[in-house]
**Q** 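This structure is in structure tokens; I'll ask about it shortly.
All values below come from the heavy atoms of this structure, side chains included, with hydrogens, waters and symmetry mates left out. Whatever order the structure lists them in is the order used to number ligands and atoms, beginning at 1.
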Amino acid sequence: MKIQSIRGVKDILPEEIWKWQWIESIAHKIFSRYGFKEIRVPIFEDTRLFSRSIGETTDIVEKEMYTFQDRGGDSITLRPEGTASVVRAYIEHKMYAPPSVSKMFYIGPMFRYERPQAGRLRQFYQIGVEAMGSPSPAVDVEVMTMLIQFFRELGLKDSQLQINSLGNQNCRPQYREVLKTAIEKHLDNLCKNCINRYERNPLRVLDCKAEQCKEIAQSLPKMIDHLDETSEQHFAEVRALLDIAKTPYTINTNLVRGLDYYNMTAFEVTSENLGAQNAICGGGRYDTLVEELSGPSTPCFGFALGLERLVSLVPFEEELNNNPDIFIVCLGDVAKIPGFQAAHELRHAGFKVDRDYETGSMKSQMRKANKSNCRFTLIIGENEINSGKYILKNMTEGDQHEINSKSLSTEIALQINTINKPL
Ligand code: HAM
């Protein structure tokens, strides 16, 4: 029986992994400029961590978690997101007394039992960032501008930053009531999902994707018209700092996010080139979560982006693809040892080298060289061994050069430099 991968998950093959690694290396570079360090948290946690953090009435907790009982009878959940785990680790390791804000990022798989479609998987990867310990709007804006700088460095075009304010514990409860009353007038025309959940989670009606709800949502009261003074002031400072940083944004008054822990600033980055699942990234401020999970009062701000979606948008430069610099073609048994020696020497000198381990015909080995997408082929046969001159073929231009077998690495480095394509 042939066993296939499970619906909604996908392999990242060696041919494309360089794209992921490159994005991750840029993330490390940019995030470290802002003082963020990587954290690695477990892939599974106590189920209660997620239900308490994300919210009992959210789609994730109600319908999408991979929850199971382990052999000891404990309820375990494969993490649907990273924020809850980072907050758990922050409290567990008492990270709340650093000289300044605790800044962490993570890269790894998340699991949600959603209906798979383009851009929506059941195992997907996120890069996430959490800044913990300051209520300052400067943190919100630094984190958002860091993200935009990251996207710029990746060459990403056509992405839009949308922001909103969700208010705080002071003004949100009143707004929820105002919203509920307004929604009740439209109950006959809302989708089934919204009718079922509007009492428990009326804010989700605002960003429902069903056509009949979208139109109604436009007419509903907006959170930003019901902010208290602190939230209003915070949102004004966020906008002013975004302007100072020359970071373009739009205010989307219906942006509410699908997780319950947010307050004040919420944001998403979307792209028109993604189709229906158009969010590359989402995040915002969550000032009460640490306390709700029994830690000290710690205002936080963070985001997570979907790596599969990002990989589909970045215009990659093929040179970064990690293909071999040199492929060694050995003609006949006589070339076996010299081929082995050449590969050994060149790898030690820092070149990426691959080779054919068989000594098939020139044609079949050249086919393999071509398939490897190498930049150069080093050809070693009986004539080359006798004359002490191997042949270096430039696979893009097609021209060939003789290389002294006694000084392989230095001559190859020279050849490559003369055609002005440093490895
Ligand atoms: P989220 O909006 O649920 O936020 O997910 C963030 C991003 O993960 C989305 O914008 C999307 O790109 C990607 N994503 C989500 N679900 C899927 C899926 N099924 N398939 C593919 N990609 C997906 C969070 O997870 C929050 N923890 C973000 C955060 C961090 N807020 C504060 N700190």
**Q** Answer yes or no for Glu308: is there a heavy-atom contact with ligand 1 below 4.0 Å?
**A**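 It does not, in that no heavy atom of Glu308 comes within the 4.0 Å cut-off of ligand 1.
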**Q** When you measure from atom 3 (O) of ligand 1 to each heavy atom in Arg285, Arg112, Glu81, Arg122, which option holds the nearest one?
**A**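 The nearest heavy atom belongs to Arg112.
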**Q** Which residue from Phe111, Phe267, Phe124 reaches closest to atom 15 (C) of ligand 1 through any of its heavy atoms?
**A**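 Answer by nearest heavy atom: Phe124.
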**Q** So if I count the atoms of ligand 1 from 1 in the order they appear, which ones are less than 4.0 Å from some heavy atom of Gly283?
**A**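 It comes down to these atoms of ligand 1: 31 (N).
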**Q** Would you call Gly128 a ligand 1 contact, heavy-atom distance under 4.0 Å?
**A**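 Per 4.0 Å heavy-atom rule, Gly128 does not contact ligand 1.
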**Q** Within the structure provided, determine whether Ile163 and Leu242 are in side-chain contact (heavy-atom separation under 4.5 Å).
**A**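 A side-chain contact exists here, since the closest heavy-atom pair is under 4.5 Å.
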**Q** Considering only heavy atoms from C-beta outward, does the side chain of Met132 approach that of Met104 to under 4.5 Å?
**A**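 Yes; the side chains approach each other to less than 4.5 Å.
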**Q** Is the shortest N/O to N/O distance between Ala279 and ligand 1 below 3.5 Å?
**A**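 So ligand 1 has an N or O lying under 3.5 Å from an N or O of Ala279.
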**Q** Who gets closest to atom 5 (O) of ligand 1 by heavy atom: Arg115, Gln126, Glu114?
**A**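 Selected option, by shortest heavy-atom distance: Gln126.
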**Q** Ion pair present between Glu153 and Lys29, side-chain N to carboxylate O less than 4.0 angstrom?
**A**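 Yes.
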**Q** Considering all heavy atoms of both residues, which atom of Arg204 and which atom of Gly258 are nearest to each other, and what is their separation?
**A**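 Taking every non-hydrogen atom into account, NH1-CA, 2.7 Å.
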**Q** Report yes if Tyr286 has an N/O atom closer than 3.5 Å to an N/O atom of ligand 1; otherwise report no.
**A**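 Looking only at distances, the answer is no, because the N/O contact criterion of under 3.5 Å is not met.
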**Q** Dump the intermediate steps for side chain to side chain donor-acceptor pair (under 3.5 Å) on Gln160 and Thr250, then the final yes or no.
**A** CA-CA 8 Å; Gln160 292 86 37; Thr250 50; over 6 Å; no
**Q** Under a 3.5 Å threshold, yes or no: a donor from one side chain and an acceptor from the other, between Ser231 and Ser165?
**A**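 Per modelled atom types, Ser231 and Ser165 side chains form no pair under 3.5 Å.
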**Q** With heavy-atom distances below 4.0 Å as the criterion, list the atoms of ligand 1 near Tyr262.
**A**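 Matching atoms, with element in brackets: 26 (C), 28 (C), 29 (C), 31 (N), 32 (C).
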**Q** Between the side chains of Glu24 and Lys19, is the shortest nitrogen-to-carboxylate-oxygen separation below 4.0 Å, so that they form an ion pair?
**A**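 No.
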**Q** Answer with yes or no whether Arg257 contacts ligand 1, where contact means a heavy atom under 4.0 Å from a ligand atom.
**A**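 Arg257 counts as a contact of ligand 1 under the 4.0 Å cut-off.
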**Q** Distance to 0.1 Å, residue and atom name: give those for the protein heavy atom nearest to atom 11 (C) of ligand 1.
**A**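 Answer for atom 11 (C) of ligand 1: Arg309 NH1, 3.5 Å.
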**Q** What is the closest protein heavy atom to atom 30 (C) of ligand 1, and at what distance does it sit?
**A**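 Nearest neighbour among protein heavy atoms for atom 30 (C) of ligand 1, to 0.1 Å: Thr83 OG1, 3.0 Å.
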**Q** With side chains defined as the heavy atoms from C-beta onward, is the minimum distance between Arg239 and Ile251 less than 4.5 Å?
**A**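 Yes, side chains in contact.
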**Q** So for Tyr125, does at least one of its heavy atoms come nearer than 4.0 angstrom to any atom of ligand 1?
**A**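 The answer is no, since Tyr125 has no heavy atom less than 4.0 Å from ligand 1.
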**Q** Indicate the ring-plane relationship of Tyr261 and Tyr286, choosing parallel, tilted or perpendicular according to the 30° and 60° boundaries.
**A**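 The rings of Tyr261 and Tyr286 sit tilted, inter-plane angle from 30° to 60°.
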**Q** How does Tyr261 reach ligand 1, if at all, at less than 4.0 Å between non-hydrogen atoms: by side chain, backbone, both, or neither?
**A**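 Side chain only; the backbone of Tyr261 stays clear of ligand 1.
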**Q** Any N/O of Leu121 closer than 3.5 Å to an N/O of ligand 1?
**A**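 Min N/O separation from ligand 1 is below 3.5 Å for Leu121.
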**Q** Looking only at protein heavy atoms, which one is nearest to atom 7 (C) of ligand 1, and what is the separation?
**A**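 The protein heavy atom lying closest is Ala304 O, 3.6 Å.
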**Q** Has ligand 1 got any nitrogen or oxygen that is less than 3.5 angstrom from a nitrogen or oxygen of Ile280?
**A**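 There is such a contact, yes.
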**Q** Starting from atom 13 (C) of ligand 1, which protein heavy atom do you reach first, and at what distance in Å?
**A**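 That would be Gly306 CA, 3.6 Å.
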**Q** For Glu215, does the CD atom sit with more than 12 other heavy atoms under 6.0 Å from it, leaving out its own atoms?
**A**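 Counting other residues, nucleotides and ligands, CD of Glu215 stays at 12 neighbours or fewer.
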**Q** For ligand 1, which is the ligand I care about here, please tell me if Tyr106 has any N or O atom under 3.5 Å from one of the ligand's N or O atoms.
**A**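 No: no nitrogen or oxygen of Tyr106 is under 3.5 Å from one in ligand 1.
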**Q** Quick one: are Val353 and Asp325 in side-chain contact, heavy atoms under 4.5 Å?
**A**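 No, their side chains stay 4.5 Å or more apart.
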**Q** Determine whether the side chain, the backbone, both or neither of Arg120 has a heavy atom under 4.0 Å from any heavy atom of ligand 1.
**A**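 Both parts.
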**Q** Against the six-membered ring of Tyr113, is Arg122 placed for a cation-pi contact (under 6.0 Å from the centre, within 45° of the normal)?
**A**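 Satisfied, under 6.0 Å and within 45°.
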**Q** N/O of Phe303 under 3.5 Å from N/O of ligand 1, yes or no?
**A**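 So ligand 1 has an N or O lying under 3.5 Å from an N or O of Phe303.
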**Q** Establish, from distance only, whether the side-chain atoms of Asn168 and Asn170 form a donor-acceptor pair under 3.5 Å.
**A**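 Per modelled atom types, Asn168 and Asn170 side chains form no pair under 3.5 Å.
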**Q** With nothing but distance in play, are any N or O atoms of Glu130 less than 3.5 Å from an N or O of ligand 1?
**A**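 Between Glu130 and ligand 1, an N or O pair is found under 3.5 Å apart.
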**Q** Could you tell me whether Phe105 and Phe31 have their ring centroids closer than 6.0 angstrom?
**A**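 Yes, they do, as the ring centres are separated by less than 6.0 Å.
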**Q** Going by an N to O cut-off under 4.0 Å, is there a salt bridge joining Glu45 and Arg88?
**A**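 Judged by the 4.0 Å cut-off on N to carboxylate O distance, Glu45 and Arg88 do form a salt bridge.
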**Q** Would one find an N or O of Ile60, backbone or side chain, under 3.5 Å from an N or O of ligand 1?
**A**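 No: no nitrogen or oxygen of Ile60 is under 3.5 Å from one in ligand 1.
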**Q** Quick check on Cys281 - does any of its heavy atoms sit under 4.0 Å from an atom of ligand 1?
**A**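 Distance cut 4.0 Å: Cys281 passes for ligand 1.
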**Q** Heavy-atom contacts with Gly119 under 4.0 Å: which atoms of ligand 1 show up? List them by number with element.
**A**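 Listed by number with element: 20 (N), 21 (C), 22 (N).
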